[in-house]
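Note: hydrogens, waters and symmetry copies are ignored here, and every other heavy atom, side chains too, is used.
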Amino acid sequence: MAQPLPEPTTNPATVEEQARNSAWLTARIAEADSDFAEGRFIDGDEAEAWLQRELTEAKAAFDREPD
């Protein structure tokens, strides 16, 4: 993904925050649509392996966080 997710908010306090989050999501969907249209995607075993790596990295990052 080209852009990291903005800091999460459980309840956006302002219309500006909601608009910023919506714009970010819209841009990510457009990016994904473009990638798919250009044939930039993986499937099958390659997708499963990628997902497993992502999950492993996320768990490691979580485990490094202080309690």
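- Annotation: side chain to side chain contact (heavy atoms under 4.5 Å, CB included) contacts of Glu46 (sequence neighbours excluded): Ile42.
- Taking the salt bridge (charged side-chain N to carboxylate O under 4.0 Å, His left out) definition, one finds that Arg64 meets it with nothing, sequence neighbours left out.
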For residues 33-41, run the donor-acceptor check on the side chains, cut-off 3.5 Å, and write out each pair with its distance to 0.1 Å, sequence neighbours left out.
residue : atom : partner : partner atom : Å
Asp35   : OD1  : Arg40   : NE           : 3.0
Asp35   : OD1  : Arg40   : NH2          : 2.8

Go through the steps to decide whether Arg20 and Trp24 satisfy the test side chain to side chain contact (heavy atoms under 4.5 Å, CB included), and finish with yes or no. CA-CA 6 Å; Arg20 190 171 40 251; Trp24 184 89; 6.0 Å; no
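- Under the rule for a side chain to side chain donor-acceptor pair (under 3.5 Å), the partners of Asp63 that lie at least two apart in sequence or sit in another chain are Lys59.
- Note that CG of Asp43 is 10.5 Å distant from CD of Glu48, once rounded to the nearest 0.5 Å.
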